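Here is the structure we will look at.
Just so you know, residue 1 is the first one in the sequence shown, and it goes up from there. It should be emphasised that the depicted structure is a prediction, and the values quoted were computed from it without experimental measurement. Reckoned from all heavy atoms, side chains included, excluding hydrogens, waters and symmetry mates.
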Amino acid sequence: MKVLITGAHGKVGRAATQALLDAGHDVLATDLTRPGFERRAEGTARYQMADLTDAGEAFAVVRGVDAVVHVAAIPEPTGNPAHVVFRTNLMATFNVLEAAVRFGVKRFVNISSETVPGFFFPERDFLPDYAPVDEEHPAHPQDPYALSKHFGEQLMNAAVERSDIRCISLRPSWVQNEGNYEQNLGPQVRDASVLSPNLWSYIDAYDLADAIVLATESDLPGHEVFYIASPDNVGGWDFGEILHKYYGDKIELRSTDRPDSSGISSAKAQRMLGWTPKRSWRDYLDADGNALPRG
């Protein structure tokens, strides 16, 4: 299958590109990185630079593919002016999806975000209604990033109503790879009081890439939304215990399938996509949150 992957040179894009190649797909990668003009190494994806906020460039890279994996985005709201985050993310999604609809692309995988419910970067703080958080949790986004991802999911809803395209939106938790586990998650492994809005959740970039491949190859109709998070929490804490300790009765504790449960449930992805996460923070960090030697 000919697959376009946008944002191919980011943390998620690189892992997903390799996973799609390993799965036997013909991959066209696009990003804002300038192309090289040397002979392409065997086994690597073709690459074309494109600014997807420009409709013409989006149409140019989408033409001729069977599926689109849309990763490209400004990945959080604090490093750019608000209007830049919102405009960039929403217009890139609109343009790529519009091109996919017009060219008759059959599958669109939209990388959304765990931030869609809104309790990650709010101006007026609030907490999730319950945990583990799942796809049924209400969405009340305030910030430009979560809003852009929420509206992106609504664009998917509209696309399946007006065309035969099938869409899947993946909401990854905080994405980690071998280069940043210690920096990002080490403090939480050592001390559960180091809080994060996603309730000690995370996802390994390569497990996320596996989910992206499954979504790309899926025949699920319409538009489905899936959280993608590791089943365990950072630190391996008793989830019910730390939720009550640090949040009291402000967040309803719902049933979990393991004591060290994640604060975000990926049960739907495991059930409907057949996704099975294979990696844990324990593969990268010791019990004190320090990086394990790389063998």
Side-chain angles (χ1 to χ4, degrees), residues 5-17 29-35 47 49-54 57-58 61 69-97 109-128 133 139-155 169-188 194-206 208-209 212 227-229 234 263-264 281:
I5 179 164
T6 74
H9 289 171
K11 178 168 52 177
V12 175
R14 290 181 187 277
T17 297
T30 189
D31 209 312
L32 290 173
T33 310
R34 294 194 177 278
Y47 178 77
M49 180 180 175
D51 179 353
L52 302 175
T53 63
D54 180 279
E57 294 190 38
V61 292
V69 177
H70 182 49
V71 183
I74 296 175
E76 55 104 320
T78 65
N80 300 84
H83 71 285
V84 174
V85 175
F86 186 77
R87 179 187 64 208
T88 301
N89 290 358
L90 194 59
M91 288 311 303
T93 302
F94 176 84
N95 289 338
V96 175
L97 181 58
V109 180
N110 171 48
I111 304 305
S112 185
S113 172
E114 66 178 349
T115 66
V116 165
F119 42 79
F120 289 77
F121 300 100
E123 293 191 27
R124 293 183 175 179
D125 288 342
F126 69 102
L127 295 171
V133 175
H140 303 290
Q142 300 173 26
D143 70 275
Y145 176 72
L147 277 167
S148 72
K149 291 299 186 177
H150 184 45
F151 290 159
E153 292 182 4
Q154 292 182 31
L155 289 175
S169 288
L170 302 181
R171 294 180 179 176
S173 188
W174 193 10
V175 182
Q176 311 297 321
N177 63 17
E178 60 274 16
N180 56 27
Y181 265 98
E182 182 176 26
Q183 177 181 347
N184 290 341
L185 303 190
Q188 284 189 310
V194 179
L195 304 181
S196 59
N198 64 6
L199 304 176
W200 304 278
S201 299
Y202 72 100
I203 184 62
D204 187 273
Y206 305 107
L208 173 56
I212 289 171
Y227 273 109
I228 303 295
V234 180
I264 292 177
W281 64 268

Would you call [X] and [Y] a side-chain contact if the rule is heavy atoms closer than 4.5 Å?
{"X": "His70", "Y": "Leu52", "result": "yes"}
{"X": "Ile212", "Y": "Val12", "result": "yes"}
{"X": "Asp125", "Y": "Phe119", "result": "no"}
{"X": "Phe120", "Y": "Asp143", "result": "no"}
{"X": "Phe121", "Y": "Gln142", "result": "no"}

Considering all heavy atoms of both residues, which atom of [X] and which atom of [Y] are nearest to each other, and what is their separation?
{"X": "Ala8", "Y": "Asp31", "value": "N-OD2, 3.2 Å"}
{"X": "Val85", "Y": "Pro144", "value": "CG1-C, 4.2 Å"}
{"X": "Ile203", "Y": "Ser173", "value": "CG2-O, 3.3 Å"}
{"X": "Trp281", "Y": "Tyr181", "value": "CA-CE2, 3.7 Å"}
{"X": "Ala209", "Y": "Ala15", "value": "CB-O, 3.5 Å"}
{"X": "Ser113", "Y": "Tyr145", "value": "OG-CE2, 3.4 Å"}

Can any side-chain N or O of [X] pair as donor or acceptor with the backbone N or O of [Y] at less than 3.5 Å?
{"X": "Asn95", "Y": "Thr53", "answer": "yes"}
{"X": "Lys11", "Y": "Ala205", "answer": "no"}
{"X": "Thr6", "Y": "Ala72", "answer": "yes"}
{"X": "Asn180", "Y": "Asn177", "answer": "yes"}
{"X": "Lys149", "Y": "Ile111", "answer": "yes"}

Point-to-point distance, once rounded to the nearest 0.5 Å, from CG of Asn89 to CD of Glu76: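 Taking CG in Asn89 and CD in Glu76, the distance rounds to 11.0 Å.
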
Approximate separation, where rounding is to 0.5 Å, of Glu57 CD and Leu32 CG: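 Between Glu57 CD and Leu32 CG, I get 8.5 Å after rounding to 0.5 Å.
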
Partner set under ring-ring contact (aromatic ring centres under 6.0 Å, His included) for Tyr206, not counting sequence neighbours: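 By the ring-ring contact (aromatic ring centres under 6.0 Å, His included) rule, Tyr206 matches no residue at all.
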
Partners meeting ring-ring contact (aromatic ring centres under 6.0 Å, His included) with Tyr47 (sequence neighbours left out):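 Tyr47 satisfies ring-ring contact (aromatic ring centres under 6.0 Å, His included) with His9 only.
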
Identified side-chain hydrogen bond (donor to acceptor under 3.5 Å, both in side chains) counterpart of Ser112 within the set Arg171, His150, Glu153: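 The residue from Arg171, His150, Glu153 that satisfies side-chain hydrogen bond (donor to acceptor under 3.5 Å, both in side chains) with Ser112 turns out to be Glu153.
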
Verdict with supporting geometry, Ile264 and Leu199, side-chain contact (heavy atoms from CB on, under 4.5 Å): CA-CA 8 Å; Ile264 292 177; Leu199 304 176; over 6 Å; no

Quick one: list whatever passes side-chain contact (heavy atoms from CB on, under 4.5 Å) with [X], sequence neighbours left out.
{"X": "Leu127", "result": "Tyr247, Lys250, Ile251"}
{"X": "Val84", "result": "Ile74, Asn80, Pro81, Arg87, Thr88"}
{"X": "Leu155", "result": "Leu90, Thr93, Phe94, Leu97"}
{"X": "Gln188", "result": "Leu185, Val194, Ser196, Trp200, Val234"}

Gln176 side chain to Asn184 side chain, donor-acceptor N/O pair below 3.5 angstrom: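 Yes, Asn184 and Gln176 have a side-chain donor paired with an acceptor closer than 3.5 Å.
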
